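So the structure is just underneath, and the comments pick up after that.
Everything numeric in this text was worked out from a predicted model, so none of it was measured.
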Amino acid sequence: MKIFSTVSETFISKMFPEKGDEISVRLASDTLLDEAVLRFDDYEGLESDDEMSYLGFHDNAYWYEGRLCVFNSDEKLTYFFIVKKDGVVSYYSKKGLKPFPPVYSSRFTILPSLDAPSWVSDVSCYQIFPDRFFNGDKSNDVKDGEYRFDGATVQAKSFNEEPEEFEKSRCLDFYNGDLKGVEEKLGYLKKLGISLIYLNPIFQSRTVHRYDSVDFFNVDEKLGGNDALISMVRKAHEKGIRIMLDISINHMGTDSEWYKRALDGDEECSSYFTHNEDGSIKYWNDVSTLADLDYHSEALRNLIYKGKDSAMRKFLRAPFDIDAWRLDVAPELARTKSSSLCLEVWREVRRCLKEEKRDLYLVGEGWDDSLKYLEGDAWDSTMNYFGSSRVFRTLIGEEDRFLAQGWGFPPKERKRISARDAVEAINSYLEQNPDQMNYFMMNLIDSHDTPRLHNHEKIMDDGRYLSLVTLLYMLPGFPSVYYGDEIKLKGRIGSVEGARYPMQWNEEKWDISYLNWYSSLGAIRGKTGFGKSAYLVKALDEDTLAITRYLPDETIIAVANFHERAMHYELDSFLLKGTVGRLLLGSASLDGLEIDIRGGASAVFSFKTC
């Protein structure tokens, strides 16, 4: 007996119900059941049952439907299924079909009245490091020697030059990419299938990375200033592309007026910063240009996010009208040896900013298990290093970044983990989260904080790398593509500077096969109903895995074969019986439900009912 149901638009009448709603929940079975029961929490703290109605046989399954009342007292609603066949009772939850009831953490979960940014699950994202993307306005270019900071002098670089290491450049090597440059390339991004742009920090700063903001209220003039952001957002929205800005409210640049006044004895400005026991100002990670902010200060909270005229609220309103915030070093916010305000502050940030824009997307930079922030009261999501990038990189044979000797050290090689281990890692993370939150996950392989995986020559293989990209596009949530990955941009491993090479716009330097692959995956994700469709992540054997998405009118299956040799499989999902399949992308052949796929390669298939 095979059973299937998830919290998705495939099986739930309303994925994001309000308190007081009644919703229907469906269950698919490969056999006619004697009985199917929906068991859920009730308002008295007990379990209640709803006997499910039989809907009939269609789409290759026997379908059952039950009703759930979302009570006004519900903060979290959990449920599971009880099925009977030939006198045998079984229980179905996120752990599958078992002969015993599921523990609480394995039950399906719904967070009622979640202020959810429902648009997020449908996007494909593109991350841009603004200085390194494209120069669209030479009038705001930085000039050689324009100023000194942190013991170095500003350099103006050509897009044909390679970035220098930090010890030499001190992050003052400007390529003069700007927001006008992003605006001019919106057509390129739209053609790639991009519908969300994530911009690394753009606020007034001294360095190219701009995590040393000196003014959270204004865009850096070196990027074109506030007017350039207004224009770029407006043009992006006209093309159906949303904008996410990056902000680090954990710390501030030491060239800021707040910091200088604090050093001069201004008591209010001094209260904005965290102090060591000796009274000196604390620096983030001991970086002497980044001063930690102290959220014991109510005045600081009002300036950053709480007040009506706060920095974070400002950019949500017209004329800026951005759609999302990426929250830098988010788990480290407001922590000292003696106190932690981290969750308190993020919960307050959420309440305040969602008042301004309810469908705002808030994503925290989290490299580890981020469950504590994903309960519907803090972040909407995490940058999913833990459940995508870190898994994928070990799947292709790179040692986990957190075993490296320091942030910038060259990553080492390791024996590839098995497909079964990768599937367990992905599913164990997804299963523990409230189900709706998985559809907001920001999945990635590379970012500005990692060496580009395709630059790791000792383990690099085009077929296996593009297989990871295929899996990335199929996971619940959305893919985030780091600028240039889609053309196999040159770079080096060993430091983050090697991951920040300038984008190349000479098409002769592009790997067109990569660009075509990314574009094809973007088109597949653009299919109606893809974003909130049910998903299944499964190992076919030790070195092959598949991700299935159940859309309203078709089923999409991606298969990634990490074997050295070609492999033959028969797809065994009961929901595929009687369907007609075709190859959408990749190196494979299809005969009914039997596939042959080349070694070290991936393929995407579509199945539709006749």
Side-chain angles (χ1 to χ4, degrees), residues 94-95 124-125 127 331 363-371 373-374 381-404 407 411-433 435 437-447 449-456 458-461 463-482 485 493 499 521 525 535-549 557-563 600-602 604:
K94 288 191 276 189
K95 290 294 187 183
S124 294
C125 179
Q127 179 186 352
V363 57
E365 179 194 8
W367 289 74
D368 204 349
D369 185 339
S370 299
L371 175 61
Y373 305 101
L374 302 178
S381 176
T382 176
M383 290 183 76
N384 193 20
Y385 288 103
F386 189 77
S388 56
S389 178
R390 292 174 65 183
V391 178
F392 288 161
R393 295 174 85 106
T394 54
L395 182 57
I396 204 174
E398 182 177 277
E399 186 175 83
D400 189 77
R401 291 287 292 148
F402 282 83
L403 297 177
W407 201 244
K412 298 178 181 178
E413 307 86 64
R414 58 154 292 160
K415 181 182 178 181
R416 291 188 294 108
I417 66 170
S418 71
R420 295 192 194 282
D421 287 338
V423 167
E424 182 180 357
I426 292 168
N427 281 337
S428 62
Y429 189 49
L430 294 175
E431 287 169 3
Q432 71 159 1
N433 297 327
D435 293 88
M437 305 303 281
N438 290 330
Y439 288 90
F440 308 141
M441 283 291 174
M442 182 179 178
N443 302 307
L444 68 162
I445 296 173
D446 297 329
S447 76
D449 278 333
T450 68
R452 294 181 189 267
L453 184 57
H454 69 254
N455 293 150
H456 193 165
K458 289 184 178 180
I459 64 169
M460 179 56 189
D461 174 88
R464 289 193 173 93
Y465 177 83
L466 291 177
S467 294
L468 297 184
V469 176
T470 302
L471 298 174
L472 178 73
Y473 271 72
M474 295 294 290
L475 284 172
F478 64 87
S480 180
V481 177
Y482 187 40
D485 278 357
I493 63 173
L521 289 170
R525 271 194 60 84
Y535 59 87
L536 182 65
V537 184
K538 180 179 179 181
L540 301 186
D541 62 22
E542 283 299 310
D543 266 330
T544 301
L545 64 157
I547 301 180
T548 304
R549 301 300 295 262
I557 301 180
V559 179
N561 175 15
F562 289 91
H563 289 278
S602 60
V604 183

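Here NE2 of His454 is found 14.0 Å from CG of Asp461. Values are rounded to the nearest 0.5 Å. Rounding to the nearest 0.5 Å gives a distance of 8.5 Å between CZ of Arg416 and CD1 of Ile396. Note that the CG atom of Leu545 and the CE atom of Met474 stand 11.0 Å from one another [nearest 0.5 Å]. Rounding to the nearest 0.5 Å places OG of Ser124 at 9.0 Å from CG of Leu521. Remark: Asp449 CG to Glu365 CD distance equals 5.5 Å, nearest 0.5 Å. The distance from the OG1 atom of Thr394 to the CG atom of Asp421 is 9.0 Å, given to the nearest 0.5 Å.
Using bins of under 30°, 30° to 60° and over 60° for the plane-to-plane angle, the ring pair Trp367/Tyr385 lands in the parallel bin.
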Arg414 and Asp400: CA distance, side-chain angles, deciding distance, salt bridge (Lys or Arg N to Asp or Glu O under 4.0 Å) verdict: CA-CA 9 Å; Arg414 58 154 292 160; Asp400 189 77; over 6 Å; no
Residues Leu453, Tyr465; criterion side-chain contact (heavy atoms from CB on, under 4.5 Å); working and verdict: CA-CA 8 Å; Leu453 184 57; Tyr465 177 83; 3.9 Å; yes
Stepwise salt bridge (Lys or Arg N to Asp or Glu O under 4.0 Å) test for Arg393 and Asp446: CA-CA 10 Å; Arg393 295 174 85 106; Asp446 297 329; 2.8 Å; yes
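Legend: residues meeting side chain to side chain donor-acceptor pair (under 3.5 Å) with Asn427, ordered by chain and number and at least two apart, are absent.
Between Leu430 and Pro476 the shortest side-chain heavy-atom distance falls below 4.5 Å. Met383 is not listed as a side-chain neighbour of Asn443, based on a closest heavy-atom distance of 4.5 Å or more. Between Ile426 and Ile547 there is no side-chain heavy-atom pair separated by less than 4.5 Å. Between Asn561 and Ser467 there is no side-chain heavy-atom pair separated by less than 4.5 Å. At least one side-chain heavy atom of Met441 sits less than 4.5 Å from a side-chain heavy atom of Ser381.
With hydrogens and angles disregarded, a donor-acceptor distance shorter than 3.5 Å links the side chain of Arg464 to the backbone of Phe562. A donor-acceptor contact shorter than 3.5 Å links the side chain of Lys94 to the backbone of Glu431. A donor-acceptor contact shorter than 3.5 Å links the side chain of Ser388 to the backbone of Asn384. In this structure a side-chain-to-backbone donor-acceptor pair under 3.5 Å is missing from Tyr373 to Gly366.
Heavy-atom minimum distance, Tyr429 versus Ser370: OH-N, 3.4 Å.
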